[in-house]
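Down below is the structure, laid out as structure tokens.
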2 protein chains.
Amino acid sequence: MAATHSSPVPRNRAPRGSARSALIAAAHATVRRQGYAATSVDEICAVAGVTKGAFFHHFESKEALAVAAAEGWTERARPMFELAPHNRLDDPLARLLGHIDFRLSMLDGPTEDYTCFVGTMVQEAYATSDRIRAACEASINAYCEALAPDIQAAIEAYGVPEDMTAIGLAQHVQSVLQGAFVLAKTTNDPAIARGTVTHLKRYVRMLFGRN
Amino acid sequence: MAATHSSPVPRNRAPRGSARSALIAAAHATVRRQGYAATSVDEICAVAGVTKGAFFHHFESKEALAVAAAEGWTERARPMFELAPHNRLDDPLARLLGHIDFRLSMLDGPTEDYTCFVGTMVQEAYATSDRIRAACEASINAYCEALAPDIQAAIEAYGVPEDMTAIGLAQHVQSVLQGAFVLAKTTNDPAIARGTVTHLKRYVRMLFGRN
DNA sequence: GACAACATACCAACCAGTCGGTATGTAGAA
DNA sequence: TTCTACATACCGACTGGTTGGTATGTTGTC
């Protein structure tokens with residue numbers, strides 16, 4: 001019954017060395033749908049198309065995969081935002097508003113395709129796993145810090161209320177997005193999320209005197 | 001070893017009939033800390049101080065408790081907001097800004113004490129349990145609809161951009177709050193959350209021409 | 001042949017849910 | 001008032017399946 005040493009069917013397997021990234025991608029997809037705790041290691045392995053042996057070869061625990069997946073999430077998002085066309089605009093405020101429009105355009109299709117992996121995971125793990133919490137914090141931080149320079153430049157170009165910082169507004173942008181995802185999940189529809197991000201866009205325009 | 005019919009130690013037990021509400025309160029506390037999937041029925045029972053028998057006497061499943069707890073969350077929040085002093089102000093915009101200040105003042109102490117039970121739960125359950133998703137949607141909806149009349153009155157009194165609705169702004173308020181909770185969990189500190197809600201307050205003031 | 005990259009078989013702990021039973025209350029008949 | 005019949009509230013041992021994790025075997029590559 002077992003395959004002989006010279007099986008004629010090579011059992012088309014994923015190329016050697018791809019298991020790690022496949023597991024991270026599977027974690028992204030599965031956790032975004034069901035959350036972290038409800039996702040089992042077996043399930044992640046099945047989605048990734050590898051076995052448990054491969055899983056524990058690359059990660060010492062489920063928690064370690066979560067940390068690696070949070071780092072992977074940052075790497076996955078970075079080029080998507082950096083290479084977007086609005087980044088080539090000259091005016092920093094136009095780049096910021098372009099970014100918000102870009103985020104707005106992403107709010108479409110199935111819920112699990114536009115929601116945030118680290119935002120979902122940190123809600124479950126902030127109190128029980130400090131390693132996961134810190135990894136999610138780092139990912140969110142990277143996003144805010146990537147947004148801050150354009151905001152800072154816009155502040156310098158257009159002025160803004162005194163008690164406001166670039167990083168603070170970047171955190172507000174991220175906050176509205178995370179909240180939009182939560183609201184969208186309650187209806188399983190991105191309509192509410194688009195409404196909320198539209199309010200955010202209006203706020204930014206008003207802040208910089210462009211309404 | 002078993003207690004005799006006239007045990008001198010009455011084994012101080014919670015009063016008869018209190019198990020159901022104790023279980024709901026325990027669910028609120030535990031899920032806010034660890035999330036829904038990571039919280040076991042045994043754990044909820046232990047926190048509530050009842051046994052599994054009592055649990056399954058009152059709820060046919062863990063999912064049924066989740067639905068009841070979502071409804072209980074609405075009931076728990078309602079009087080807190082209704083009885084707050086800012087509700088007695090005459091001006092609707094002052095009531096709205098007072099509400100935001102009230103929410104701001106709540107962002108203090110341990111994370112699990114100010115975060116939202118239904119917001120946490122819906123992130124995990126939106127795709128796997130439609131009953132839980134709908135119960136969370138109803139709770140969030142109740143909040144937005146409670147906020148909408150004051151917003152509507154403020155719109156009528158002060159005017160506002162055309163393409164804006166009372167319920168839409170109420171949803172934006174809720175969205176910012178939910179996002180603030182996520183960001184706060186990231187650092188396990190409410191400072192970011194306060195910054196974000198402060199941006200929200202400034203937006204509302206600007207919208208109604210009060211900056 | 002040595003080492004990394006997998007696969008397979010397995011385990012103890014834990015999980016949601018079940019079930020037979022007990023304790024407490026309550027309504028009606030005598 | 002008190003006894004019977006029944007309902008509700010609660011208890012905790014038990015079960016079958018699932019969980020994260022391990023131990024060991026196999027395969028491809030340098």
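Just so you know, these numbers come straight off a predicted model, no measurement behind them. Heavy atoms only: backbone and side chains are in, while hydrogens, waters and symmetry mates are out. All chains are named by letter (A, B, ...) in the order of the sequence lines, taking the proteins before the strands, and each is independently numbered beginning at 1.
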**Request:** Return no unless some side-chain N or O of A:H57 is found under 4.0 Å from OP1 or OP2 of C:dA5.
**Result:** yes
**Request:** Would you tell me whether B:Y143 and B:R78 have side-chain atoms, one donor and one acceptor, within less than 3.5 Å of each other?
**Result:** no
**Asked** Pairs in or reaching into residues 119-139 of chain B: which pass ring pair (Phe, Tyr, Trp, His ring centres under 6.0 Å), with residues at least two apart or in two chains?
**Response** none
**Request:** May I ask you to say whether A:D113 pairs ionically with A:R33, meaning some side-chain N is under 4.0 Å from a carboxylate O?
**Result:** no
**Message:** Could you check whether A:Q34 and A:E112, counting side-chain N and O atoms only, form a donor-acceptor pair closer than 3.5 Å?
**Reply:** no
Using nucleotides 20-22 of chain C, report all nitrogen or oxygen pairs with the protein that are shorter than 3.5 Å.
none

**Prompt:** Listed in order of residue number, which residues of residues 39-48 of chain B have a non-hydrogen atom at under 4.0 Å from DNA chain C?
**Reply:** B:T39, B:S40, B:V41
**Asked** What parts of residues 25-33 of chain A reach DNA chain C, counting only heavy atoms under 4.0 Å away?
**Response** none
**Request:** Would you kindly give the CG-to-P distance between A:L23 and D:dG20, to the nearest whole Å?
**Result:** 13 Å
**Request:** Check the pair B:F181, B:T111 against side chain to side chain contact (heavy atoms under 4.5 Å, CB included), reporting the backbone distance first and the verdict last.
**Result:** CA-CA 8 Å; B:F181 298 151; B:T111 309; over 6 Å; no
**Asked** If we ignore angles and hydrogens, is there a donor and acceptor under 3.5 Å between the side chains of A:T120 and A:K185?
**Response** yes
**Request:** Would you mind telling me which of D:dC11, C:dA7, D:dG20 lies closest to the side-chain atoms of A:V50?
**Result:** C:dA7
**Message:** Less than 4.0 angstrom between a side-chain N/O of A:H58 and OP1 or OP2 of C:dA4, yes or no?
**Reply:** no
**Request:** Map A:G53 and A:A38 onto DNA chain D by nearest heavy atom, then report which one ends up closer to the 5' terminus.
**Result:** A:A38
**Complete:** A:K62 atom NZ is separated from D:dG20 atom C1', nearest whole Å, by 8 Å
**Prompt:** For residues 20-48 of chain B, which residue pairs qualify under ring pair (Phe, Tyr, Trp, His ring centres under 6.0 Å), counting only residues two or more places apart or in two chains?
**Reply:** B:H28-B:W73, B:H28-B:F117
**Fill in**
To the nearest angstrom, the CZ-P distance between B:F56 and C:dA16 comes to 7 Å
**Message:** In whole Å, I'd like the distance from the CG atom of A:L65 to the P atom of D:dG20.
**Reply:** 11 Å
**Prompt:** CZ of A:F55 versus C1' of D:dG20: gap in Å, rounded?
**Reply:** 9 Å
**Request:** Kindly indicate, with the supporting measurements, whether the criterion side chain to side chain contact (heavy atoms under 4.5 Å, CB included) is fulfilled by B:R202 and B:R205.
**Result:** CA-CA 5 Å; B:R202 173 158 35 209; B:R205 267 186 294 145; 4.0 Å; yes
**Message:** Can you see whether B:T39 engages B:T30 through a side-chain donor-acceptor pair at a distance of less than 3.5 angstrom?
**Reply:** no
Donor-acceptor pairs under 3.5 angstrom involving side-chain atoms of residues 45-61 of chain B: please list them, not counting sequence neighbours.
unit_1 : atom_1 : unit_2 : atom_2 : d
B:K52  : NZ     : B:D42  : OD2    : 3.4
B:S61  : OG     : B:E63  : N      : 3.4
B:S61  : OG     : B:A64  : N      : 3.1

**Prompt:** Rounded to whole angstroms, how far apart are NZ on B:K52 and C1' on D:dT15?
**Reply:** 10 Å
**Request:** Let me know, please, whether B:S18 or A:Y36 comes out on the 5' side of the other along DNA chain D by nearest nucleotide.
**Result:** B:S18
**Request:** Describe, in one word, how the ring planes of B:H86 and B:H99 are oriented to each other, choosing from parallel (under 30°), tilted (30 to 60°) and perpendicular (over 60°).
**Result:** perpendicular
